[in-house]
There are 2 protein chains.
Amino acid sequence: MNKKRITLKEIATELGVSISTVSKSLNNSPEIGEETKKKVVAFAKAHQYRTNTIALSLKNRKTKTIGVIIPEIVHYFFSNVINGIENYASQQGYNVIIAVSNESFEKEVLQMEAMANGFIDGIIISLAKETLKKQDYYHLQETMAMGIPVILFDRVTSNLSCDKVVVDDKSGAEAATTFLINKGRKKILLLSTQDYLNVGNHRTNGYLDALKKNGIFPDNRLIIKCNDQRSSEEEMVVLEKQIEALIDEGVDFDGVFAVNEIYLAAALRVLRAKNIKVPKEVSMICFTDGVISRYTTPRLTTVSQHAEEMGITSAELLIEKLEDESSMDKTITKIIQCSIVEREST
Amino acid sequence: MNKKRITLKEIATELGVSISTVSKSLNNSPEIGEETKKKVVAFAKAHQYRTNTIALSLKNRKTKTIGVIIPEIVHYFFSNVINGIENYASQQGYNVIIAVSNESFEKEVLQMEAMANGFIDGIIISLAKETLKKQDYYHLQETMAMGIPVILFDRVTSNLSCDKVVVDDKSGAEAATTFLINKGRKKILLLSTQDYLNVGNHRTNGYLDALKKNGIFPDNRLIIKCNDQRSSEEEMVVLEKQIEALIDEGVDFDGVFAVNEIYLAAALRVLRAKNIKVPKEVSMICFTDGVISRYTTPRLTTVSQHAEEMGITSAELLIEKLEDESSMDKTITKIIQCSIVEREST
DNA sequence: TATTAACACTAAAACGTTGTAGTAAAATTT
DNA sequence: AAATTTTACTACAACGTTTTAGTGTTAATA
């Protein structure tokens with residue numbers, strides 16, 4: 001049954017013409033006479049000729065494929081970004097290869113090398129936590145040196161000179177905090193991450209700035225920086241304990257701003273257990289407009305990072321670089337603005 | 001700066017030997033003298049020679065790449081499956097290309113054709129809702145006829161003869177329903193989907209069977225088949241209204257079994273609004289062990305479909321087919337057993 | 001009528017590999 | 001010393017395309 005794929009050569013011998021004639025006919029070249037063209041095209045269609053992309057790639061030295069490396073795929077933000085990339089790319093005739101670093105430096109390097117070894121024209125990547133901590137960007141520099149364009153998104157570094165797409169974390173955090181302040185909240189609990197993650201860092205700064213601009217003196221007891229290692233399950237238990245302890249110690253707060261959904265969901269659980277009313281007594285907001293926010297009770301007000309837009313923008317930037325030689329020199333950084341999605345928790 | 005990639009030919013001229021010698025040296029062939037080998041290997045390393053995978057693919061007629069087509073990527077189950085596929089595949093030296101059909105028949109066909117046009121050795125796919133409704137599998141048959149192995153997972157059809165990986169939906173649903181019955185519940189609300197989705201269909205049957213085996217007569221008012229078109233946001237509003245109406249009409253139930261997380265989350269919201277205690281008054285369970293279940297209050301008891309395992313199994317099946325010619329004839333269907341993850345809602 | 005232009009096609013190289021077959025020179029055997 | 005084997009290489013085809021540079025015919029021009 002295996003009807004295998006037919007090649008130009010086979011069509012040529014079958015039809016008694018040369019390979020070039022077949023190729024040119026199929027590409028509708030004016031060099032070939034109308035009759036011959038028709039004959040070839042008809043035969044090709046009848047035998048379901050499909051041009052072999054690999055041979056083409058070899059010849060053109062481009063694969064029309066872009067590689068994406070993300071820290072995690074089971075993740076609302078990242079899967080949305082991919083969605084954006086995939087949509088734009090496939091619409092532009094590009095394939096998308098996905099690789100997952102699992103937040104590991106080593107795996108990121110491996111995946112990057114595998115991709116750079118052919119098969120992709122350019123790379124879109126969000127750095128693994130480990131890479132950010134290590135600050136070792138040799139693999140990226142190598143790839144770029146080979147003439148493969150790299151676009152960094154979300155988890156970026158200033159140590160690399162390439163196109164970047166970032167969320168305006170700081171002003172998003174500032175807006176979120178200000179949003180709570182405008183609702184009359186003054187004692188706002190911040191649930192953030194360790195500082196080496198620029199994301200957490202920027203958001204913490206935005207929070208601090210908002211307080212400052214509103215003349216509120218920050219209270220260190222109200223700033224929790226979660227130690228986000230691996231398993232988010234365990235992490236949550238620890239965080240819940242911390243918040244519980246805070247309440248038990250009598251540290252008072254009337255607002256919570258978390259740098260992601262799950263931190264806020266954890267806080268919500270604790271408040272519920274302590275029978276504290278949300279949003280009446282405590283108003284809550286967080287980054288990442290994901291699934292969780294839509295299904296808790298009350299639903300969570302969030303700061304949307306427009307993940308899909310980030311994906312599209314990254315893909316645009318990359319494809320622009322791939323198709324327009326002259327764009328290779330300049331490096332652009334696109335900043336995606338956040339927006340607040342108000343739900344029931346504020 | 002562009003140090004481009006060095007080729008065998010360049011190494012050869014540089015070192016004054018033939019291309020074959022270089023190739024063989026790098027592949028550590030016994031045909032080549034030790035000294036020459038050393039020289040070549042050293043030179044190659046110094047210039048960071050990387051073998052061009054595309055040329056290799058053309059030569060070997062295999063790409064070491066597998067294509068995955070899923071209906072949606074921003075989806076806990078599917079992204080987990082991909083995770084499984086990616087893990088196993090990359091461990092076996094395979095790349096993974098992802099494409100999204102967005103539940104559209106047309107896009108599925110397009111993506112499939114793009115993939116089949118070279119670039120992939122085999123395909124793992126979960127069918128789009130539209131395809132299932134249309135029952136048109138010509139594109140899949142074509143691909144298989146071309147000698148490209150296809151593995152179907154989760155959303156499968158009996159009209160195609162190929163390897164399949166499915167969840168034991170029926171017995172999972174039966175187990176879930178029985179689980180509620182064993183907790184003393186008799187009036188169990190079922191939140192399912194339209195029947196053309198075999199998933200919803202099987203789960204409904206499992207529910208029905210469980211009732212039967214326990215001598216409970218099914219109550220049609222307690223079976224809601226959601227009309228799951230596009231936007232899940234709107235869908236939820238409708239579903240919530242339906243459940244609310246049910247309660248207002250005085251239709252009584254003490255358990256809820258939903259075929260997915262979000263239906264159960266919606267139900268939970270309604271019960272909360274009506275001040276009905278979970279799990280005291282109503283016990284709840286659902287399919288899909290996703291993120292939502294972990295962050296609602298109470299956390300939801302779920303039926304895990306072991307998405308990652310499905311991914312791994314699919315990849316195993318495919319790679320087996322790719323590497324072992326003789327396995328091409330037989331078709332296997334692997335059934336992944338579900339398991340119940342008990343949390344706070346029961 | 002001789003030259004040129006247009007037409008309809010073909011040959012061959014190139015993209016980067018690998019593997020088969022071939023070839024000198026050196027080493028071994030008879 | 002001649003025949004054979006071994007060693008250490010090289011040439012070349014092949015994978016499936018596209019493209020450049022031809023090559024005969026026929027038609028148009030001088």
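In what follows, chains are A, B, ... by sequence order, proteins preceding strands, each numbered from 1. Computed from a predicted structure; not experimentally measured.
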Keeping the roles fixed (side chain from [X], backbone from [Y]), state whether a donor-acceptor pair exists under 3.5 Å.
| X | Y | result |
| --- | --- | --- |
| B/Lys321 | B/Ser327 | yes |
| B/Glu130 | B/Ser104 | no |
| B/Gln111 | B/Ala99 | no |

Can you list the residues that meet the salt bridge (charged side-chain N to carboxylate O under 4.0 Å, His left out) rule with A/Asp154, with sequence neighbours excluded? none
Quick one: list whatever passes salt bridge (charged side-chain N to carboxylate O under 4.0 Å, His left out) with A/Glu31, sequence neighbours left out. A/Lys24
For [X] and [N], is the shortest distance between a side-chain N/O and OP1 or OP2 below 4.0 Å?
| X | N | result |
| --- | --- | --- |
| B/Thr36 | D/dC9 | yes |
| A/Arg61 | C/dG16 | yes |
| A/Asn60 | D/dT17 | no |
| A/Ser23 | D/dT18 | yes |
| B/Lys59 | D/dA13 | no |

Between [atom2] of [N] and [atom1] of [X], the distance in whole Å:
| X | N | atom1 | atom2 | answer |
| --- | --- | --- | --- | --- |
| A/Lys9 | D/dA13 | NZ | P | 12 Å |
| A/Ile19 | C/dA13 | CD1 | C1' | 13 Å |
| A/Leu26 | D/dT17 | CG | C1' | 11 Å |
| B/Lys62 | C/dT17 | NZ | C1' | 16 Å |
| A/Leu8 | D/dC15 | CG | P | 13 Å |
| A/Leu56 | C/dA14 | CG | P | 19 Å |
| B/Arg5 | C/dC15 | CZ | C1' | 13 Å |
| A/Leu58 | C/dA14 | CG | P | 14 Å |

Give the nucleotide from the list D/dC9, C/dG16, C/dC9 with an atom nearest to the side chain of B/Asn52. C/dG16
Check whether the side chain of B/Lys24 and the base of C/dT20 form a donor-acceptor pair under 3.5 Å. yes
So does B/Ser20 reach the base of C/dG19 with its side chain, donor to acceptor, closer than 3.5 Å? yes
For B/Glu320, is there an ion pair with B/Lys334 - N to carboxylate O distance below 4.0 angstrom? no
When every nucleotide of nucleotides 22-28 of chain C is labelled 5' to 3' by its protein contacts under 4.0 Å (heavy atoms), B for base, S for sugar-phosphate only, - for none, what sequence of letters results? -------
With no hydrogens and no angle check, just 3.5 Å: does a side-chain donor-acceptor pair link B/Gln48 and A/Glu142? yes
